[in-house]
Amino acid sequence: MAGYDHQAIEQKWQQRWAEQRTFRMPNPGEPGFDAAKPKLYVLDMFPYPSGEGLHVGHLVGDIGTDIVSRYHRMRGVNVLHPMGFDAFGLPAEQYAVETGVHPRVTTERNVANYERQLRAIGLTYDWDRMLSTTDPDYYRWTQWIFLRLFESWFDTAADKARPIAELIAELESGTRQAEGRPWPSLDAAARRAFVDGQRLAYLAEVTVNWCPALGTVLANEEVTRDGRSERGDHPVYRRPLRQWMLRITAYADRLLDDLELVDWPESVKAMQVNWIGRSEGASIRFPAAGSSDAIEVFTTRPDTIFGATYMVLAPEHPAVDGLVAAEWPAGTRPAWTGGARTPAEAVGAYRRAAAHRSDLDRQTDAKEKTGVFTGAFCRNPANGADIPIFIADYVLMGYGTGAIMAVPGQDERDWDFAQQHELPIVRTVEPPPGFEGKAYLGDGPAIASDFLDGLGITDAKAVIIEWLVANGHGRGTVSYKLRDWLFSRQRYWGEPIPILHGPDGSLHTVSDADLPLLLPEIDDYRPSASADEHAEPVPALGRVGEEWRIVEIDGVRYRRELNTMPQWAGSCWYYLRFIDPHNDAVLVDREAERYWMGESGVDLYVGGVEHAVLHLLYARFWHKVLFDLGFVSTAEPFGRLFNQGLVMANAYRDGRGVYVPADKVEQRDGRFWWDGEAVEQSYGRMGKSKKNSVNPDDFFVEYGVDALRLYEMFMGPLDASKPWTTRDIVGIVRFLHRMWRNLIDPDTDEVLVSDAPAGEALRRHLHRTIKAVTEDMEALRFNTAIARYFELNNELVALERVPREVADAFVRMLAPIAPHVAEELWERLGHTESIAYAPWPEFDADLAASDTVVMVIQVDGKVRDRIEVSADIGEAAATAVAMGSPKVQAALGGAEPARTVVRVPTLVNIVTR
RNA sequence: GCCGGGGUGGCGGAAUGGCAGACGCGGCGGACUCAAAAUCCGUUGGGCGCAAGCCCGUGGGGGUUCGACUCCCCCUCCCGGCACCA
């Protein structure tokens, strides 16, 4: 072999790692497991195996975690580093619809291609632990967890989930009542309804996002803000449907509070806090005039109740129908009626209009506050005033109680509405002098508020809540933006929900012993897509034959649940199954779980920031349920989260706006050309749709895997988004060749090391490098670690032979990032064991700190001279050296030093002022 | 509008209170070569200067400090998230 042959080296070592199962990690108690070592669980967010395969942008995080894993193995740590595939979901199914190929076939093909690509990058996953969410052995346990959700309820007093059997026992023994009613007074159906309504997985008639084009409902999180599906960009309509829900709202406070336990980027924490949207306030009952009913509102500003001059209900509010007056009452203003002859007409017309306005329309017209008077009034409990009740779509049914007390004096939206509808405005917080705004949101003394007058906002809130409670008008409450998780999908390619429906409406679980409930074979996996927004959802499983859909037990015919789970389900707990992937008795072995999850769960979880809310919130929720039920040992699943940056690239569009292949575009005369046509350059995330992806497969042949790994890490900080520039690779390739030549004679293949000790300067440089690289490894700063390799390597160029102490340490330092060339050099240096478990080099602190330093001498903060001094120089000596400098004397120009700042040994600053 | 993150040479980036621009790309000059590539050596923030050297310089303005890319205040622009959430 002459010179550095990356292809031969990379193939050789990947083959050897596979043959020798170098990176297999046994569990506690298994042969080869060393309990004396500390543990580290390093996890990538597992990918959805798309047909397009991986591009270099996907690999940044995977390479980063591989480096961390390799580094810690060398430090004597048991590293759990698994990989799997999140393979249920829409694309495989859509592809199947288009081609007639079963989703399982495409999924298996894609998984195989991903595994091939990941192996080719030299990633050190323990492939024995590989799993796919579509494996029956895996989704068996996804279904099992669903059953645990179904069989649990949330005990608010204990602030945790408990088995539903314990609730039933308490009800039967009389220690607990069903919403105030004694258990014996309820008939069987009422008891069942009550219990089913307490479960963490429950069926409810809810307003859902129905996407007829996809033939399925979508979670709020899967709908874009302009009311279209995240996937496919189809229109989404709101309509009520009976669906499975998961009671994530019960965990809102714990999901919020426990963010303190985890080491996550502030931005992700902030997004979760924002998504949960906790706000403290009060719910207050306003009695409807001339009726015994009352309407409950939620407000964060109960202190402003004396300024509530009208009430607004969401158009869909259930109380509206009962409120609408027969005719317009005396005093109704024209601005309130919407031009209708009666309240019923006005309300009907407004509701119809509101239902057809998309969320986007509502947002664009945010300043335009529409609404109509219902003709009804309610009584403000604080001051006894009768105030008109409106419906308006600026009040959302989905938040709080779907009704507000409108306080235009202290709320901008209410101010706008009041202005546009000629409603009275009463300030109840004194704005500062000179305040010229409209609604005043700031603090100040309460005015026109009876017994609250003079109090600041905080005190006034406390006093009014106390008053509301004392007089039976309301109480302090907390409201959340977070909603329960809509868990039904009407698609085929997902986990079947293991529930049976009895003829009497009762719900029964498929027994644990009968799991997995296999996804039945089906000829036509098409969703029942429709252009009609009113079409009934038809789950794909509804087309399976009766022999599957109907189950007869003891002569009773049960219907199977036909919905499947959303794609998020499988990714909620995969990190647990990696710990014990082949266990067919339990979800995860208790001892193995305790060992690998340790104190704070996964030690390093790396993935894209796009999962900041959905996946991470859902997974935390499931984990907390499993924690409450005693199946896992930590409160949080992911102790440390790290978001890798995106890889960006230039993309080019032709005159029609169509993307053209970026790698075929040429630059001439400052413009860009493709196929003889001028094209527009843009810049953005690398992706197949923009035709600017770089396929790693192409790279292996030309530059090598080690070059790819080094380049991806050298581009910049791991968490920053960075532009991909293929030509920059040459710097990395030069480094690799130079390093090879430093150690191997290109003509004779002789190893160019000497057993002579390294010279003083080189040895110091080596130890400085070990120190810096070690610190960079700990802090995930691989870009600067690589810069240190370059510096050390460049110094070695001048040597005939590299001292062995330097070569050995250098190759080991290189191993985490460029493992193939490191293995090869390690072997040639005479080592017989894989470098993967060679000890990480230690540095000598005295050698790493240099014995002489360049001392900077400033005059009035400006650098005037640099003098090499001993590192242990004293302050007096440093000052003397500084004053002795002719350059310093020239800069002083005879001026007297007023004071001297000395920071030995690096700096002296002579101040003349 | 609110929340979070950013702005440093031609480019990617380094430096988190103490030499701004490590390292790499690109550029320029040179060696080797018939030539080119590869490789090697030198150089490369801007301005003035023959030079020694001097001045300017981390989005803009102000402040703290002997000393600020770094800390504080105001402004501005860019990126990400949320957005009529009462």
Side-chain angles (χ1 to χ4, degrees), chain A residues 3 225 265-275 277-279 281 297-302 304 312 314 359 362-363 365-369 392-396 398-407 410-414 416-417 479-482 609-610 612-613 643 646 648 710-711 714-717 719-735 737-738 741 746 772 781 783-791 793-794 797 853-866 887 890-891 897-903 906-913:
Chain A
R225 55 179 246 170
E266 282 308 312
S267 59
V268 175
K269 287 190 181 185
M271 279 188 248
Q272 295 220 340
V273 169
N274 188 26
W275 191 264
R278 183 184 204 274
S279 41
V297 302
F298 174 75
T299 178
T300 55
R301 293 292 304 275
T304 64
V312 185
D359 287 357
R362 290 193 185 195
Q363 278 158 28
D365 305 341
K367 268 283 155 195
E368 188 72 24
K369 297 261 182 306
D393 67 2
Y394 82 91
V395 172
L396 310 173
Y399 181 76
T401 62
I404 62 157
M405 63 176 204
V407 187
Q410 276 84 229
D411 185 284
E412 287 172 343
R413 298 153 302 185
D414 296 343
D416 290 342
F417 189 85
S479 195
Y480 302 89
K481 283 197 247 179
L482 182 70
V609 73
E610 66 271 20
V613 177
N643 295 126
L646 296 174
M648 315 288 277
L710 282 162
Y711 176 62
F714 188 61
M715 287 193 291
D719 57 353
S721 289
K722 302 150 288 229
W724 179 271
T725 317
T726 298
R727 71 169 186 210
D728 286 1
I729 280 263
V730 303
I732 298 291
V733 173
R734 281 178 194 153
F735 159 75
H737 282 274
R738 202 174 295 170
R741 279 199 314 273
R781 288 189 305 247
N783 55 329
T784 48
I786 294 166
R788 300 290 92 81
Y789 298 160
F790 287 176
E791 287 171 330
N793 195 43
N794 287 343
V797 168
V853 292
V854 174
M855 185 170 75
V856 171
I857 303 158
Q858 300 177 330
V859 176
D860 292 330
K862 284 186 194 283
V863 179
R864 294 301 175 183
D865 203 0
R866 300 181 176 95
K887 290 177 181 173
R899 58 183 286 211
T900 307
V901 180
V902 184
R903 292 286 178 273
T906 54
L907 179 124
V908 174
N909 187 10
I910 299 158
V911 185
T912 61
R913 288 173 269 116

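Numbers restart at 1 for each chain; the letters A, B, ... are given by sequence-line order, proteins then strands. Being a predicted model, the structure only gives us computed values, none of them experimental.
A donor N or O paired with an acceptor N or O is found under 3.5 Å between the base of C66(B) and the side-chain atoms of N909(A). Residue-to-nucleotide contacts include a donor-acceptor pair under 3.5 Å from the side chain of Q858(A) to the base of G18(B).
Mapping M271(A) and Y399(A) onto RNA chain B by nearest heavy atom places M271(A) closer to the 5' end of the strand. Each of A403(A) and M715(A) was assigned the nucleotide of RNA chain B with the nearest heavy atom; the assignment lying further toward the 5' end belongs to M715(A).
When the C1' atom is used for both U8(B) and G57(B), the distance is 10 Å, rounded to whole Å. Comparing G81(B) with G17(B), their P atoms are spaced 32 Å from each other, to the whole Å. Across the C1' atoms, C25(B) and C75(B) are found 35 Å apart, a figure rounded to whole Å. Only the P atoms considered, G29(B) is 23 Å distant from C23(B), to the nearest whole Å. Rounded to whole Å, the separation between the C1' atoms of U58(B) and G46(B) comes to 14 Å. The same atom, C1', is picked in G24(B) and in G9(B); the two are 14 Å apart, to the nearest Å. Comparing the C1' positions of C77(B) and A15(B) gives an interatomic distance of 24 Å, to the nearest angstrom. G61(B) and U76(B): their C1' atoms are spaced 10 Å apart (whole Å).
Counting to the nearest Å, the P atom of A83(B) and the NZ atom of K481(A) are 7 Å from each other. If you take CG of L907(A) and P of A68(B), they are 12 Å apart, rounded to a whole angstrom. Between I786(A) atom CD1 and A22(B) atom P the separation is 17 Å, expressed in whole Å. Put simply, CG on N643(A) is 16 Å from P on G4(B), counting in whole angstrom units.
Under the rule for a salt bridge (Lys or Arg N to Asp or Glu O under 4.0 Å), the partners of R788(A) that lie at least two apart in sequence or sit in another chain are E791(A). The salt bridge (Lys or Arg N to Asp or Glu O under 4.0 Å) check on R864(A) picks up nothing, with sequence neighbours excluded. Taking the ring-ring contact (aromatic ring centres under 6.0 Å, His included) definition, one finds that F790(A) meets it with F714(A), F735(A), sequence neighbours left out. Under the salt bridge (Lys or Arg N to Asp or Glu O under 4.0 Å) criterion, D411(A) pairs with R413(A), not counting sequence neighbours. Residues satisfying the salt bridge (Lys or Arg N to Asp or Glu O under 4.0 Å) criterion with R738(A), sequence neighbours excluded, are absent altogether. Legend: residues meeting ring-ring contact (aromatic ring centres under 6.0 Å, His included) with F417(A), ordered by chain and number and at least two apart, are Y310(A), F390(A), Y394(A), H421(A).
For the pair T300(A) and S279(A), the tightest heavy-atom approach, listed with the atom from each and the gap, is CG2-CB, 4.0 Å.
Across all strands, V863(A) comes closer than 4.0 Å only to sugar-phosphate atoms, never to a base (heavy-atom distances). The residue T900(A) sits apart from the nucleic acid: no heavy atom pair falls under 4.0 Å. In this structure, K862(A) reaches the sugar-phosphate backbone alone: every heavy-atom distance under 4.0 Å involves primed, P, OP1 or OP2 atoms, never a base. N783(A) comes within 4.0 angstrom of sugar-phosphate atoms only, judged by non-hydrogen atoms across all strands, and of no base. P717(A) comes within 4.0 angstrom of sugar-phosphate atoms only, judged by non-hydrogen atoms across all strands, and of no base.
Base orientation of G9(B): syn (glycosidic angle within 90° of 0).
Listed nucleotides: C19(B), U39(B), A22(B). Nearest to the side chain of R741(A): U39(B). The nucleotide whose nearest atom lies closest to any side-chain atom of N274(A) is, among C82(B), G18(B), A86(B), C82(B). Side-chain atoms of T784(A) lie closest to A22(B) of the nucleotides A22(B), G12(B), G18(B). The V797(A) side chain lies nearest to C41(B) when the options are C41(B), C23(B), A86(B). Of the candidate nucleotides G13(B), C84(B), C66(B), C84(B) has the atom lying nearest to any side-chain atom of D393(A).
Within a 6.0 Å radius of CD in E412(A), no more than 12 heavy atoms belonging to other residues, nucleotides or ligands are found.
With a cut-off of 3.5 Å on both pairing distances, the Watson-Crick or G-U wobble partner of G24(B) is C11(B). Remark: A83(B) base-pairs with no nucleotide in the shown strands. Criterion, Watson-Crick or G-U wobble with two distances under 3.5 Å. The pairing partner recorded for G53(B) is C48(B), the criterion being a Watson-Crick or G-U wobble arrangement whose two distances lie under 3.5 angstrom. Across all strands shown, C34(B) forms no Watson-Crick or G-U wobble pair with both distances under 3.5 Å.
Checking side-chain atoms of K369(A) against main-chain N and O of D414(A) turns up no donor-acceptor pair under 3.5 Å.
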Check nucleotides 45-53 of chain B for protein N or O atoms closer than 3.5 Å to its own N or O atoms and list the pairs.
none

Provide a list of protein-nucleic acid N or O atom pairs under 3.5 angstrom, restricted to nucleotides 24-27 of chain B.
unit_1 : atom_1 : unit_2  : atom_2 : d
G24(B) : OP1    : N794(A) : ND2    : 3.2
C25(B) : OP1    : R734(A) : NH1    : 2.5
C25(B) : O2'    : R727(A) : NE     : 3.4
C25(B) : O2'    : D728(A) : OD1    : 2.5

Output side-chain donor-acceptor pairs under 3.5 Å for residues 723-734 of chain A, partner residues at least two apart or in another chain, one line each.
unit_1  : atom_1 : unit_2  : atom_2 : d
W724(A) : NE1    : T726(A) : OG1    : 2.9

